[in-house]
Protein chains: 2
Amino acid sequence: MSGRDPIGVTISEVAAAAGVSRQTVSNVLKAPERVASDTAARVRRAIDDLGYRPNRAAQNLRQRASRCIGLKMVPPSGVSNLLDRFLHALTEAAAVAGYHVLLFAAVDDELATYEDLIRSGTVDGFVLFDVEVGDPRLPWFARRGIPFVCFGRPRGQGRERFRWVDVDSAYGVARAVEHLVGRGHRRIAYLGWPEGTGFGDERRAGWEQAARRHGLDVGDLAGTSAEDVTAAASAAARLLSGPEPPTAFACGSDTFAVGARLAGGTGADGRPNLEVVGFDDSAATMLMSPAMSSVRQPLGEVARHVVALLVGQLRGSDDQPEGVMLRPELVTREWRGPEPVL
Amino acid sequence: MSGRDPIGVTISEVAAAAGVSRQTVSNVLKAPERVASDTAARVRRAIDDLGYRPNRAAQNLRQRASRCIGLKMVPPSGVSNLLDRFLHALTEAAAVAGYHVLLFAAVDDELATYEDLIRSGTVDGFVLFDVEVGDPRLPWFARRGIPFVCFGRPRGQGRERFRWVDVDSAYGVARAVEHLVGRGHRRIAYLGWPEGTGFGDERRAGWEQAARRHGLDVGDLAGTSAEDVTAAASAAARLLSGPEPPTAFACGSDTFAVGARLAGGTGADGRPNLEVVGFDDSAATMLMSPAMSSVRQPLGEVARHVVALLVGQLRGSDDQPEGVMLRPELVTREWRGPEPVL
DNA sequence: GGTGGCAATTTGAACGATCAAACCGGTGAT
DNA sequence: ATCACCGGTTTGATCGTTCAAATTGCCACC
């Protein structure tokens, strides 16, 4: 267990210390059933005494695998710390499967970076966090046989099929609408991305279907804007200036929701005029008083499925589903803290 | 450039294709000056034709280095997406130095996880993002000769010295105070962590010194709370209920700042009663109307220095500074968007 | 008593790169 | 004539592990 040099104890030293061959040491760790129990005990003692850990590079070389999952680090954007939370969940899920998460930056040519990492054996596959409609990376990967899994169902990809894990965000927004209906609202607006983002369209559809199901008006109650608070507030203000303004908003993301609530302003008692429900359940929900309800994606489950699908590809299993669809959950919040002093 | 199998092209195949030996191919890539230019051109053609990339595992094994920097993924907390942004900066800085960032989860025994990663050669060193006062990991690493660099100056560590990069947050808060003074405020409160976090104490000291320098009162204008919006709002409300309430807050983090502003409430025109300055310049600053000013840590620079210090240790250079202190920058914001409709 | 089978263990050969040393024909100094 | 030395290139060994095959000792079977 001593020793200053971090690297240095090799399988041969352990073998010598235990009076067996290298292969036997390896077997103790990888196939214990092949080793007599007293021998195994002796080897295990030597391993503990010397503080032996199998050298990863040697394993990788021999096994032609890195046990690393690659993920391109994207510049943080928006108010939601979704990437943050997903990374945490992914790291834990990967650890359970014996993998690590390797972050990398795409300095100039993104595709070349992916190719380098795969061909050099630095990673075994990729997780794509930022899949866009018609994303050119997917067919490019597929053509090269590069293993990958998407967080977010691929759209606009012709008849080609890829592995994915997604969250049924239409369902999530519908739940938000139902919550607002239950709170007594009849004019519920939607605010989200302009058409074309795929998941954005889906969230809007979730609002529309749920509203119709409850016999609510949807005609002039849908707004779109860029995903930043300022733009969202303007768009919400436009909806609010109509003849029959909405009293509540279901939103495509927390950013839109914050914008809507700012546009709605507060009454004389300091409470907001508008009830809004966001999407992503980011830290932003806590930044308002009362705190905001929001639709939470099950990131832990997403990460576990992502890892399972990727590891399945790497092992060559063909009994994997093409994709996994998960249900989000509505988190309702009521601020119980002190009212603002006025 | 063709080839379906991602791994497979080895240096020997390139050598055969170019009609030279393995070592010459290696030299073309690592020591081009040793190779005749026409030979080099021939080799480079073969490399391009075959799509050869040196196998990372083989390099790692031979060179006894992984060129990976380890970082423990911590569960996201607070409203600031600081980790997110730091990870992005770190990944880019590491890439420039030829390193990757490897994320890992500490499932049960954290120290054992670190030891595994180092002894197995999975990573060459660590970046510590979450250093606490008297953090036991630092002497533990030092005793074992494990290379690491702290983001945040180590405190409470006796006379032992470690490598670090830090941001002068006292200076940052002082700048915030000066900004508020310039805006005409005379009663400027501080809200931050309870004593004992090190960096929190420092930020508070920055406020106190700057306030005294301008002849302002500090006596009953310092508040503390846990770092969440609810608790921060309560603490701010207490300060505001005094006989001579503050008109502005300088805060230890954006979370405190948001809490303070919520506690301050808004006037009849919908504008907030309190002017607050946060710390970290997280996405939360954009969530209010008008947007909030905040002190921004130079994360890109921090990351570059962290990588430089770590790589220096790995190379064994002894001309490295013990630590690097950087200056944050005050980002002032004035909301130009639409006013809330009332 | 030879044969086959079995469990436990060892041996030799990879994996793909790089280091260190050797090698080459040729030139100039001693 | 001997030697060191040149740039350019090759050879052999090595990094630490694991795969596949070979080798033991031991027992049972006909």
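Here is how names work: the chains are called A, B, and so on, in the same order as the sequence lines, proteins then strands, and each is numbered from 1.
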Kindly give the atom pairs (protein nitrogen or oxygen, nucleotide nitrogen or oxygen) under 3.5 Å for nucleotides 4-6 of chain D.
none

Between C:dC15 (P) and A:Asn55 (CG): distance, integer Å: 18 Å

Report the distance from atom CZ of B:Arg56 to atom P of D:dT17, rounded to the nearest whole Å. 19 Å

Tell me the interatomic distance from B:Lys30, atom NZ, to D:dG8, atom P, rounded to whole angstroms. 20 Å

Quick one: which protein N/O atoms are closer than 3.5 Å to N/O atoms of nucleotides 7-11 of chain C? Pair and distance per line, please.
unit_1 : atom_1 : unit_2  : atom_2 : d
C:dT9  : OP1    : A:Thr39 : OG1    : 2.3
C:dT9  : OP2    : A:Ala36 : N      : 2.9
C:dT10 : OP2    : A:Ser21 : N      : 2.9
C:dT10 : OP2    : A:Ser21 : OG     : 2.9
C:dT10 : OP2    : A:Thr24 : OG1    : 2.7

Does a nitrogen or oxygen in the side chain of A:Ser26 sit under 4.0 Å from OP1 or OP2 of D:dT18? yes

With a 4.5 Å heavy-atom cut-off, do B:Gln320 and B:Gln313 have their side chains touching? no

A:Ile11 CD1 to D:dC19 P, in whole Å, measures 11 Å

Identify whether the distance between the nearest side-chain nitrogen and carboxylate oxygen of B:Asp130 and B:Arg137 falls below 4.0 Å. yes

Any salt bridge between B:Arg163 and B:Glu322, counting N to O under 4.0 Å? no

Rounded to the nearest Å, what distance is computed from the CZ atom of residue A:Arg53 to the C1' atom of nucleotide D:dC15? 20 Å

D:dC15 phosphate, OP1 or OP2, under 4.0 Å from B:Gln63 side-chain N/O: no

In whole angstrom, what separates A:Leu61's CG from D:dC19's P? 12 Å

For atom CD of A:Glu13, decide whether the heavy atoms of other residues, nucleotides or ligands shown that lie under 6.0 angstrom number more than 12. yes

Got more than 12 heavy atoms from elsewhere within 6.0 Å of CD, B:Gln157? yes

Using a strict 4.0 Å threshold on nitrogen-to-oxygen distance, state whether B:Arg44 and B:Asp48 make a salt bridge. no

May I have the distance from A:Arg64 (atom CZ) to C:dA14 (atom C1'), rounded to whole angstrom? 10 Å

For B:Thr39 and B:Arg42, run side chain to side chain contact (heavy atoms under 4.5 Å, CB included): C-alpha distance rounded to whole Å, both residues' side-chain angles, the deciding distance at 0.1 Å, then the answer. CA-CA 5 Å; B:Thr39 315; B:Arg42 203 152 29 100; 3.7 Å; yes

Is there a donor and acceptor pair, one atom on the side chain of A:Arg62 and one on the base of D:dT18, closer than 3.5 Å? yes

Report yes if some heavy atom in the side chain of A:Trp140 is under 4.5 Å from a heavy atom in the side chain of A:Glu115; otherwise report no. yes

Is the shortest side-chain N to carboxylate O distance from B:Asp166 to B:Arg155 below 4.0 Å? yes

